[in-house]
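One structure is given below, encoded as structure tokens.
Protein chains get the first letters and strands the later ones, always in sequence-line order, with residue 1 at the start of each. Values below: every heavy atom of this structure, side chains too, minus hydrogens, waters and symmetry copies.
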Amino acid sequence: MAEEREEEESGRTNYRAQRLDKLAQLKALGVDPYADGFVPGARAAELDAKYKTLAAGAETPDRVKVAGRIRALRNSGMFIDLHDATGKIQVFCHKDHLAPDALAVLKLLDLGDLIGVEGVIRRTPRGELTVNAHALTVLAKALLPLPEKFHGLTDIETRYRQRYLDLIMSEESRATLRQRSHIVAVMRRLLIERGFLEVETPMLHAVPGGASAKPFVTHHNALDLELYLRIAPELHLKRLMVGGLSDKLFEINRNFRNEGISPRHNPEFTSLELYQAFADYATMMEMTEYLIATIAREVLGTMRIPYGKHTIELAPPWPRKSMAELVKVKAGVDFLSLHDAVAARDAARKLGAELPKGASWGQALEAAFAAKVEDTLIQPVHVTGFPRDISPLAKPDLRDPRLVERFETFVNGWEVANAFSEINDPLDQRERFEAQMMARDHGDEEAQRLDEDFVTALEYGMPPAGGLGIGIDRLVMLLTDSPSIRDVIAFPTMRPKG
RNA sequence: GAGCCCGUAGCUCAGCCGGUAGAGCACAUGACUUUUAAUCAUGGGGUCGCGGGUUCGACUCCCGCCGGGCUCACCA
């Protein structure tokens, strides 16, 4: 037997084989390596807090049960660093406290194993809070080795593909995803406190509407029907507004867009959309500031946040500037004085914007804005004065027929919010859709589609309302100083390997 | 979709002008009973992403492919 083992071990190193061998040895000792029934009585952080004043070298009679993952073994297992979801606690395994059968189990433990420990609390002379182990329970024998303890897992691809490993190894990754949860929880609470009703609307759409984007297509077998993963919840939320379900409602959920992947784009992403009856886009500006600033204050304890090289001041109020005004200031071209699409296209192209052939006046202005202004909007600003022809769901601006009552909020050069006074005139809405369909016919793949039932709903009457969308992923990126959207999405979209 | 860059042990990384691969951690064996990136000694571990080509000889040079990152385009 011993000779056989020697032969195996002299061959190719195989971590898994070694651990399977230990697993078998544990079973031979009558130990269940995936034991049920061990319930920890305290977590590491709780013990840290409770025994904060325990002096170095002091012992207590307090028995505790802790559980976690073995992240370090020192002095042949005499000292174990046990990590749980809250922090680290040291375990002391000494022959004076552990029975011989427990010492035999100890020898079969590896880095990465999940164990439960029952013992007595003390603080070592060197100041480490420690459990003197009296009993060990193997909760999950790990068959695969962890990444290197000091450098952790740095390979970006592996971090995204095997997020569980990233989370085991990186407190930063754990903190980011916890903050994401906290941000969404606070957002939800603030909305509910303000009287908003949370709803869920379909992910599967017969007509993909509510935004200008390419949809994912799928198929329903029983109905033998092409369906689309939603690109936005907007048209269904407005149907609920028509129904009078609530004057204020919101949805926080996923959207799917069949477009490129980048550090700021994931094919599925999360957004907040909310609608408030008897309000307009100005109300939505206040709402945007309130939500984002309050979330920052509650989650980060400050409204002054670092992002990369910048420091961003989120304390309201935020300035409001029109798109045309910003382009005029940054690029020296006054689009409001250009009265036709041809002149606007020429001007935009001169500013370095790329444009489709038949681009409208509004598309030209937007392209000029994207080329010359967007990147410079680091501090929060509400950009107003959106062109009508790129805003088919927004109410006209009565002061200028080329514009609508819409704004996008920019922070760090990114669009983080998009809002408008919603069209509730069904005839106007139909005209807007028809203009979009015309653009579609002329090759604009992302022009919005006519949703007949939505127009029908408007014909029953929707109260005047303000609507707002906030991209959750980008908000979380901002508030967690994360350089990539993949850092704030636990399982970002990846091409399958092999 | 295009351009640039990257892929070497389980992990983190070296590897020069082409001569068939190294370290640390991890692992195994031993020492060590108050360590904390424990330490010390010894040892094992490689389809150099994959496939071609050039060459006496390729981790290294060339081509193609796969996967990833960044930038651009599209978009939020």
Side-chain angles (χ1 to χ4, degrees), chain A residues 2 5-19 21-22 56-57 71-82 88-97 110-112 122-130 132 142-162 165 168-169 211-214 231-232 255-273 353-354 356 366-367 370 374 408-410 414-418 444-446 469-475 477 483-486 492 494-498:
Chain A
R5 289 241 320 273
E6 249 173 49
E7 270 177 30
E8 283 168 21
E9 283 160 9
S10 70
R12 177 181 297 182
T13 296
N14 188 327
Y15 291 89
R16 189 162 178 274
Q18 285 173 358
R19 290 185 179 217
D21 185 48
K22 290 180 180 177
R71 291 297 310 280
L73 285 159
R74 291 181 293 277
N75 293 49
S76 307
M78 187 163 58
F79 293 95
I80 294 174
D81 282 350
L82 202 63
K88 180 195 97 175
I89 180 103
Q90 181 170 264
V91 174
F92 182 63
C93 294
H94 196 277
K95 59 187 177 189
D96 290 353
H97 305 302
D110 287 299
L111 294 184
R122 69 173 168 117
R123 193 176 291 282
T124 65
R126 299 210 185 180
E128 192 76 25
L129 192 66
T130 299
N132 282 348
L143 299 181
L144 294 170
L146 292 177
E148 204 246 3
K149 63 184 170 187
F150 188 60
H151 298 93
L153 185 63
T154 63
D155 181 75
I156 292 174
E157 185 177 351
T158 310
R159 287 183 49 222
Y160 297 150
R161 285 191 192 278
Q162 295 181 277
L165 273 185
I168 288 171
M169 299 308 296
S212 303
K214 296 191 197 80
I231 54 176
N255 294 322
F256 306 86
R257 298 191 183 173
N258 204 340
E259 287 158 358
I261 294 178
S262 86
R264 280 183 287 288
H265 299 84
N266 196 64
E268 51 179 310
F269 64 100
T270 302
S271 72
L272 160 73
E273 273 204 23
E354 284 185 37
E366 188 195 31
E374 268 187 27
E408 286 186 354
T409 304
F410 284 80
W414 308 339
E415 179 199 331
V416 299
N418 179 20
D444 185 350
E445 269 185 90
E446 298 195 346
I470 293 180
I472 300 296
D473 309 277
R474 287 188 181 175
L475 178 61
M477 285 174 71
S484 171
I485 197 168
R486 299 180 197 99
M494 302 283 280
R495 191 188 290 274
K497 212 173 177 179

Could you check whether any side-chain heavy atom of Leu144(A) comes within less than 4.5 Å of a side-chain heavy atom of Arg16(A), counting everything from C-beta outward? yes
Looking only at side-chain N and O atoms, does Arg123(A) come under 4.0 Å of OP1 or OP2 in rU34(B)? no
Would you measure the distance from the C1' atom in rC61(B) across to the matching atom in rC48(B) and give it in whole Å? 16 Å
On a whole-Å scale, what distance lies between the P atoms belonging to rA76(B) and rA9(B)? 41 Å
Please check this pair: side chain of Arg71(A) against backbone of Ile168(A), looking for a donor-acceptor N/O pair closer than 3.5 Å. yes
Rounded distance (nearest 0.5 Å) linking atom OH of Tyr160(A) with atom CG of Leu165(A): 15.0 Å
May I ask you to say what Glu415(A) touches in the nucleic acid, namely base, sugar-phosphate or nothing, with a heavy-atom cut-off under 4.0 Å? sugar-phosphate
Rounded distance in Å between the C1' positions of rU34(B) and rG46(B): 39 Å
So what is the 5' to 3' dot-bracket string for RNA chain B, if pairs are Watson-Crick or G-U wobble with both distances under 3.5 Å, crossing pairs use [ ] and | means the partner sits on another strand? (((((((..((((.....[..)))).(((((.......))))).....(((((..]....))))))))))))....
How many Å lie between CD1 on Ile80(A) and C1' on rU36(B), as a whole number? 13 Å
Whole angstrom value for the distance that separates P of rU39(B) from CG of Asn75(A): 10 Å
Say you pick atom P in rA31(B) and the same atom in rG22(B); how far apart are they, in whole Å? 30 Å
Determine: side-chain N/O of Arg486(A) to OP1/OP2 of rG69(B), distance under 4.0 Å, yes or no. yes
Rounded to whole Å, how long is the line connecting atom NZ of Lys22(A) with atom P of rA26(B)? 13 Å
So, does Arg257(A) use its side chain to make a donor-acceptor pair with the main chain of Ile231(A) at under 3.5 Å? yes
Are the ring of Tyr15(A) and the base ring of rA26(B) both nearer than 5.5 Å at their centres and tilted by less than 30°? no
Arg74(A) side chain near rU34(B) phosphate (N/O to OP1/OP2, under 4.0 Å): no
Separation between the P atoms of rC59(B) and rG7(B), rounded to whole Å: 15 Å
So, do Asp473(A) and Asn266(A) sit near enough that their side-chain heavy atoms are less than 4.5 Å apart? no
Classify the nucleic acid contact of Met494(A) as base, sugar-phosphate or nothing, counting any heavy atom under 4.0 Å across all strands shown. sugar-phosphate
Sugar-phosphate only, base, or nothing, as touched by Gly471(A) at under 4.0 Å among non-hydrogen atoms: nothing
Side chain of Glu446(A) (C-beta onward), nearest among rC27(B), rC74(B), rA38(B): rC74(B)
Earlier contact from the 5' end, RNA chain B, for Asn418(A) and Thr130(A): Thr130(A)
Residue pair Pro147(A) / Met169(A): nearest heavy atoms and the distance that separates them: O-CE, 3.6 Å
Assess whether a salt bridge exists between Lys88(A) and Glu128(A), defined as any Lys/Arg side-chain N lying under 4.0 Å from an Asp/Glu carboxylate O. yes
When rounded to whole Å, the CZ to P distance for the pair Arg159(A) and rU12(B) reads 11 Å
Ranking Pro147(A) and Gly127(A) by the position along RNA chain B of their nearest nucleotide, the one closer to 5' is Pro147(A)
What's the gap between rC16(B) and rA21(B) when it is taken at their C1' atoms, as a whole Å value? 14 Å
Distance below 4.0 Å between Lys149(A) side-chain N/O and rA38(B) OP1 or OP2: yes
Indicate whether OP1 or OP2 belonging to rG68(B) is found under 4.0 Å from a side-chain N or O atom of Arg161(A). yes
Assigned chi class of rC17(B) under the 90° convention is syn
Using a 4.0 Å heavy-atom cut-off across all strands, classify Asn255(A) as base, sugar-phosphate, or nothing. nothing
Going by distance alone, is a donor N or O of one side chain under 3.5 Å from an acceptor N or O of the other, for Ser212(A) and Glu446(A)? no
Presence of Thr154(A) side-chain N/O under 4.0 Å of rC13(B) phosphate oxygens OP1/OP2: yes
Determine the Euclidean distance between corresponding P atoms of rA58(B) and rG52(B); express it in Å to zero decimal places. 13 Å
Determine the interatomic distance between P on rC63(B) and the same-named atom on rG3(B); round to the nearest Å. 13 Å
